[in-house]
Colleague: 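Here it is, the structure in full.
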Amino acid sequence: MKNHEIAYILYEIANMLEIKGENFFKIRAYRNAAHEIENLAIDIQKLVNQNALKEIDGVGEAISGKIYEILEKGTCRYYEELKAEVPRGLVDMLKIPGLGAKRIKVIYDNLKIASIEELEKAANSKQLQTLPGIGVKTEQSIIRGIQMIKGRAGRYLLSTALSIAQDMVTRLSSLPSVEKAQIAGSLRRKKEMVGDIDLLVVSNSHQQVTESFLKFPEIREVIAKGSTKTSVILELGIQVDLRVVKPESFSAALLHFTGSKEHNTKLRSLALRKGLRLNEYGIINLDDGEIIYPQSEKEIYKELGMPYIIPEIREDTGEVEAAMKDSLPNSVNLKDIKGDLHVHSNWSDGVSSIEEIALYAKKLGYEYIAITDHSKSLKIARGLDEEKLKRQLELIYELNKKIDGIKILSGIEVDILSNNLLDFNDDILEQLDVVVASIHTGFKQERDKITGRIIRACENPNVDIIAHPTGRLLGRRAPYDVDMELVLQACAQTNTILEINSSPDRLDINDKLARKAKALGLKMSINTDAHVAERLNDIKYGVWVARRGWLEKDDVINTLPFECLLKELNSK
DNA sequence: GCCGTTTTCGGCCCGACTGTTTTCAGTCG
């Protein structure tokens, strides 16, 4: 039983208790415990073996008992009893935006509606508006909510949301009544997919700002409009929340709207213990009622007794505790990156010539760049055969003599074939500076088979890096069925580097795996997999993944200067 | 249900907006 499976059961218990109308704090206790377990760095079974379950924050007598039971039997009695009592459909209904546990219960108690389908029918036939506390508008909002989850709209690539948000920030900033406009929310935390765009605006005249904002042509629908907060849906379907605050509240508001909710909650309970109330306007001293308007987020953290925490790790996965012990990671930065080790040229399916790529990399301030075109079996990408690769090596040799200020490394993205073998023999691979190995075929194979293919590749002494290890495409293709725990172990044993692929629709490995890999002492390489020179700029997405994964400069090999990098690559 | 550098009992983050209400509950982030 894995951590996330236990967390799931605890979340489900919380959901069912909520529908039953149980004590709010009891519900929260289950959610807290689930969140902690979900983000545990180690296998929960290990804690059980050490009899240390209760050392997990939020796990006490009752919940630890249930965890023991779940580990032993796969489930627990309390969970089964709740499932028998609360229809599954009611829990599903919690996913409908605008509809919560209280109203779900009213609907169920009065009309015995226990599925989203029945709910939609009842709403369309105007039955819901007859119930206490539900009127025409709520009924309409339930219909909209159901349509929204059916359309699966709601998650957007970071890159997509970021460009929309940046454009809006530019236009908001140019309004005369606006002092400052900034991106907040999960977008500022650089989550790989975001559900909405949070924008924070500093102004003394919120009404003017709101009026101008609502005239933006891409707005399809206004969901909420108050004196400080406006929510809209754009034509693209993405929701934008605009919050307007006065200048003195900017820093408190930025912290509040950057979140995450869990991070904020933890900070506020901490504040309370110090006799302070933290909200989006400032810090209030509960003794004398005096309000402090902090000048920066850093000042707020300082007030709470800890150093600044970067937005990327504000997820309540241990960052507050680490900050209080002054053991936060010294997070890797974009400027630490000295080269890119996975790039395609026009020799295979890329667009730019090797020279163009090298010059572009030089312009970015890189020390080195690796050319890693596809290997021969990947026909669709015009993969290189031995002969063509040999000619490419000669060209790279010539270009290195011709171009100053950047080193071009020879390389290949060698296919891990369906039959376990690599697409080139070792006598070819050992001639190259960088060998990146990856899977492009046989995605549907069974777990053991795919995992075995990757582990076999790790065991090859010529393979330096495993590229896009899980093969996922965000929002389009699930990862292939691979046991990443075993892959991480294999990398650790064979001194193989894992890639953090920076392509915005890959981000593979993700932040959580990166953090696990670091815990095992693995090295990672942040690469773009660019197919045109300009896309070398995508490296920032990979750096954000690394930062979210608590990585430091030393965890990332392409922060090394050229000579050290070569030594590292040759050390396997 | 959990927790304690005031506490083993009595707290538990905070505020905005909407809709259905005659003063507030539900939902959200």
Side-chain angles (χ1 to χ4, degrees), chain A residues 10 13-14 17-19 21-36 53-67 78 93-107 128-142 144-145 184-187 189 194-198 200 206 210 222-232 239 241-245 249 252-253 255-284 286 304-305 314 316 320 324:
Chain A
L10 296 178
I13 289 175
L17 291 175
E18 194 171 10
I19 287 164
E22 268 275 7
N23 178 294
F24 168 77
F25 296 105
K26 181 170 167 178
I27 296 164
R28 203 170 64 179
Y30 275 97
R31 292 227 165 96
N32 279 343
H35 176 79
E36 288 295 328
L53 260 193
K54 281 197 234 169
E55 278 174 29
I56 304 172
D57 242 1
V59 174
E61 198 59 43
I63 293 182
S64 67
K66 294 187 175 75
I67 295 172
Y78 189 52
M93 286 182 206
L94 281 174
K95 292 202 192 85
I96 301 171
L99 183 63
K102 296 274 165 53
R103 290 203 183 104
I104 290 173
K105 188 167 191 306
V106 168
I107 293 167
L128 300 184
Q129 52 178 278
T130 63
L131 301 177
I134 297 179
V136 180
K137 295 218 172 161
T138 304
E139 191 173 66
Q140 286 303 312
S141 115
I142 290 173
R144 272 209 311 275
S186 52
L187 208 47
R189 302 199 309 278
V194 300
D196 61 7
I197 292 174
D198 292 299
L200 180 62
H206 58 80
T210 306
V222 180
I223 305 178
K225 186 160 82 81
S227 63
T228 68
K229 192 183 147 191
T230 309
S231 294
V232 302
Q239 180 171 332
D241 295 332
L242 178 80
R243 192 70 188 245
V244 186
V245 297
S249 291
L255 183 81
H256 175 86
F257 295 115
T258 297
S260 64
K261 184 180 186 295
E262 291 79 10
H263 178 83
N264 287 349
T265 304
K266 188 152 271 181
L267 290 185
R268 289 199 203 111
S269 356
L270 212 67
L272 267 189
R273 266 182 265 160
K274 288 179 174 286
L276 304 168
R277 169 177 291 144
L278 179 62
N279 63 22
E280 59 261 61
Y281 300 108
I283 304 173
I284 299 140
L286 292 173
L304 299 177
R314 296 182 196 168
D316 187 28
V320 174
M324 289 198 294

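The sequence lines fix the lettering, A, B, ..., with proteins before strands; numbering per chain opens at 1.
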Colleague: Rounded off to whole Å, could you give me the CG-to-C1' distance for the A:L286 and B:dC14 pair?
Modeller: 12 Å
Colleague: With a 4.5 Å cut-off on side-chain heavy atoms, are A:I107 and A:L131 touching?
Modeller: yes
Colleague: Quantified in whole Å, what is the C1' atom distance between nucleotide B:dA16 and nucleotide B:dC9?
Modeller: 33 Å
Colleague: Of all the choices, B:dA16, B:dC2, B:dT18, which nucleotide is nearest to the side chain of A:I63 once you look at every atom?
Modeller: B:dC2
Colleague: What is the per-nucleotide protein-contact pattern of nucleotides 19-29 of chain B, from the 5' end, where B denotes a base atom under 4.0 Å from a protein heavy atom, S denotes such proximity for sugar-phosphate atoms only, and - denotes neither?
Modeller: SSS----SSSB
Colleague: When you compare B:dG29 with B:dT22, how far apart are their C1' atoms, in angstrom units rounded to a whole number?
Modeller: 29 Å
Colleague: Can you tell me how far P of B:dT18 sits from CD of A:Q140, to the nearest Å?
Modeller: 17 Å
Colleague: Report the base-pairing partner of B:dC9 (Watson-Crick or G-U wobble, both distances below 3.5 angstrom), or none.
Modeller: B:dG4
Colleague: If you look at every heavy atom in A:D198 and A:S186, which pair is closest and at what distance?
Modeller: OD2-N, 4.3 Å
Colleague: Quote, to the nearest angstrom, the P distance that separates B:dC28 from B:dT23.
Modeller: 25 Å
Colleague: Considering only side-chain heavy atoms of A:F25, which listed nucleotide, B:dC2, B:dC17, B:dC12, is closest?
Modeller: B:dC12
Colleague: Tell me what A:T228 touches on the nucleic acid: a base, only sugar-phosphate, or nothing, going by heavy atoms under 4.0 Å.
Modeller: sugar-phosphate
Colleague: Using the C1' atom on both, measure B:dT27 against B:dT20 and round to a whole Å.
Modeller: 14 Å
Colleague: For a quick test of reading the model: is some side-chain N or O of A:R277 closer than 4.0 Å to OP1 or OP2 of B:dC14?
Modeller: yes
Colleague: What is the nucleic acid contact for A:F257, judged by heavy atoms within less than 4.0 Å: base, sugar-phosphate only, or nothing?
Modeller: nothing
Colleague: With a 4.0 Å cut-off on heavy atoms, is A:S227 in touch with a base, just the backbone sugar-phosphate, or nothing at all?
Modeller: sugar-phosphate
Colleague: Looking at every strand, decide which applies to A:K225 at a 4.0 Å heavy-atom threshold: base, sugar-phosphate, or nothing.
Modeller: sugar-phosphate
Colleague: Locate the shortest heavy-atom distance separating A:E139 from A:L128; write the atom from each residue and the value.
Modeller: OE2-N, 2.9 Å
Colleague: In whole Å, what separates the C1' atom of B:dT7 from that of B:dC12?
Modeller: 13 Å
Colleague: At 4.0 Å (heavy atoms only), tell me whether A:F24 reaches a base, stays on the sugar-phosphate, or touches nothing.
Modeller: nothing
